[in-house]
Number of protein chains: 2
Amino acid sequence: MSDSPNADSREDAHPIAAILDDLAVLAVRRLSTREISLTAATTLSYLDRNGPARLSVLAAEQGVTQPSMTQLVQRLEREGLVSRGVDAQDGRAVLVGVTDAGRALLAERRRRRRERLDEMLGTLSPGELRELTRAAGEFLPLLRRLLQSAADE
Amino acid sequence: MSDSPNADSREDAHPIAAILDDLAVLAVRRLSTREISLTAATTLSYLDRNGPARLSVLAAEQGVTQPSMTQLVQRLEREGLVSRGVDAQDGRAVLVGVTDAGRALLAERRRRRRERLDEMLGTLSPGELRELTRAAGEFLPLLRRLLQSAADE
DNA sequence: ACAGTTGTATAAGCTTCCTATGTAAATCTG
DNA sequence: CAGATTTACATAGGAAGCTTATACAACTGT
């Protein structure tokens, strides 16, 4: 059990792996808002973009189990962010929709995260910022396609 | 709000912010491993790269509270992934270091993530892959600097 | 109409975070 | 140098958010 530092441990990975790691840290650590969980936010966002959806669809979409989504929707309903209705076509199904309050929270969350990211970008020098913007414009679309195609499997 | 020369530089950052935000969420979803939490993994990784560190340093580094880090270290110690010792210079402080088992787990985690990444990259054409890797090489250092400067505040 | 399937809810439990507070070692102060 | 303060960590109690196992009601096919 030696405790000598291993300087290479991070560098032996593919640069993309390192980027994904860093992005995960960015999402969870630097941009996390305490008011709402990541799953809650992306669920609201999904409902906002796609309209009312069934519980099971939301669960699959978010990659959580159905009971987890039941609980999440219950919490969101308690806070007035979503509303629930019965599917007219199928009496078993629950249709979940985002409320105006939910949309307002989404907008506020987007504003806050953007603000924080802008702060972070503000710590870079103008040259670095320009370089980051240029590199990001090239790289991020590629990365997005990669992640999306992986999600569609 | 004016048409001063600098008015646009901030606007230019916004598209980057939006894409970064989206990708960060995707990264969290696609790369989460169930065997160990993100904080646990990045803490082990930090110890592996930097050698033994105090509890409070680890807490600050990971952006969690000191009691949370105490608990995390207790769990990691119970699983044999870290060891604890008293700082010879300061009887209050605890020095946490990664064990061989911890390093082995890190290596295994990296291997698994690498495997998954390779699957994703396998869906690209050789040309796309080359392009993505090249762009990543430019983008990664800048992303690192962004995260670093944000962490130092 | 009855059996099987499907959509959701409930129960029980785990992990990981939090705030509030306790304790002991180090440091400052008169 | 003794008492007060600060610092580093531990403990207690609780909440969020996830899990698996199970129950139940509504739909579906024969």
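Convention: sequence-line order gives letters A, B, ...; per-chain numbering from 1.
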**Q** Hey, which of these two, Ala88(A) or Asp90(B), hits DNA chain D nearer its 5' end, going by closest nucleotide?
**A**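 Going by which nucleotide is closer to the 5' end, it is Asp90(B).
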**Q** Name the closest nucleotide to the Ala93(B) side chain, picking from dA8(D), dC18(C), dC18(D).
**A**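 Side chain of Ala93(B) sits closest to dA8(D).
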**Q** Answer yes or no: does a side-chain N or O of Ser56(B) lie under 4.0 Å from OP1 or OP2 of dA8(D)?
**A**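 No.
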**Q** Go nucleotide by nucleotide along DNA chain D from the 5' end; which of Gly91(A) and Val64(A) gets its closest nucleotide reached first?
**A**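 First, find each residue's nearest nucleotide; the 5'-ward one identifies Val64(A).
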**Q** Any N or O donor-acceptor pair under 3.5 Å from the base of dT7(D) to the side chain of Arg92(B)?
**A**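 A donor-acceptor contact between them is present.
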**Q** What is the distance from CD of Gln74(B) to P of dT16(C), rounded to the nearest Å?
**A** 13 Å
**Q** So, under a plain 3.5 Å distance rule, would you say the side chain of Gln66(B) forms a donor-acceptor pair with the base of dA10(D)?
**A**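 Flag set: donor-acceptor pair detected.
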**Q** Do Thr70(A) and Gln66(A) have a side chain donor and acceptor closer than 3.5 Å?
**A**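 Yes, Gln66(A) and Thr70(A) have a side-chain donor paired with an acceptor closer than 3.5 Å.
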**Q** Please check if the number of heavy atoms outside Arg130(B) that lie under 6.0 Å from its CZ is greater than 12.
**A**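 Atom CZ in Arg130(B) is not packed in, count stays at 12 or less.
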**Q** In whole Å, I'd like the distance from the CG atom of Leu58(A) to the P atom of dG7(C).
**A**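 To the nearest whole Å, that distance equals 13 Å.
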**Q** Please determine, for the side chain of Thr70(A), which listed nucleotide (dA10(D), dG7(C), dT10(C)) has the closest atom?
**A** dT10(C)
**Q** Leu76(B) CG to dT15(C) P: how many Å, rounded?
**A** 13 Å
**Q** Just compare dG7(C), dG17(D), dC18(C) and give me whichever is closest to any side-chain atom of Ser37(A).
**A** dG17(D)
**Q** Can a salt bridge be assigned to the pair Arg134(B) and Glu131(B) using a cut-off of 4.0 Å between side-chain N and carboxylate O?
**A** yes
**Q** Taking the minimum atom-to-atom distance to the side chain of Pro67(B), which one of dA8(D), dT19(C), dC18(D) wins?
**A** dT19(C)
**Q** Just verifying a value: how many Å separate Thr42(B) OG1 and Asp48(B) CG, rounded to the nearest 0.5 Å?
**A** 12.5 Å
**Q** Between C1' on dA8(D) and CG on Leu95(B), what's the gap in Å once rounded to a whole number?
**A** 12 Å
**Q** Do Leu95(B) and Val57(B) belong to the same hydrophobic cluster, where Ile, Leu, Val, Met, Phe, Trp and Tyr are linked whenever their side-chain heavy atoms lie under 4.5 Å apart, directly or via other members?
**A** no
**Q** Whole-Å distance between dA15(D) P and Glu79(A) CD?
**A** 14 Å
**Q** Looking at Ser68(A), I'd like to know whether one of its side-chain N or O atoms comes within less than 4.0 Å of OP1 or OP2 on dG17(D).
**A** no
**Q** Between atom CD in Gln71(A) and atom C1' in dC14(C), what is the gap in whole Å?
**A** 13 Å
**Q** Can you see if the side chain of Arg75(A) gets near the phosphate of dG17(D) - specifically, an N or O under 4.0 Å from OP1 or OP2?
**A** yes
**Q** From the set dA10(D), dG17(D), dC18(C), return the single nucleotide nearest to any side-chain atom of Val94(B).
**A** dA10(D)
**Q** Starting at CG of Asp87(A) and ending at C1' of dT6(C), how long is that distance when rounded to a whole Å?
**A** 13 Å
**Q** Please state how far atom CE in Met69(A) lies from atom P in dC18(D), giving the value in whole angstrom units.
**A** 8 Å
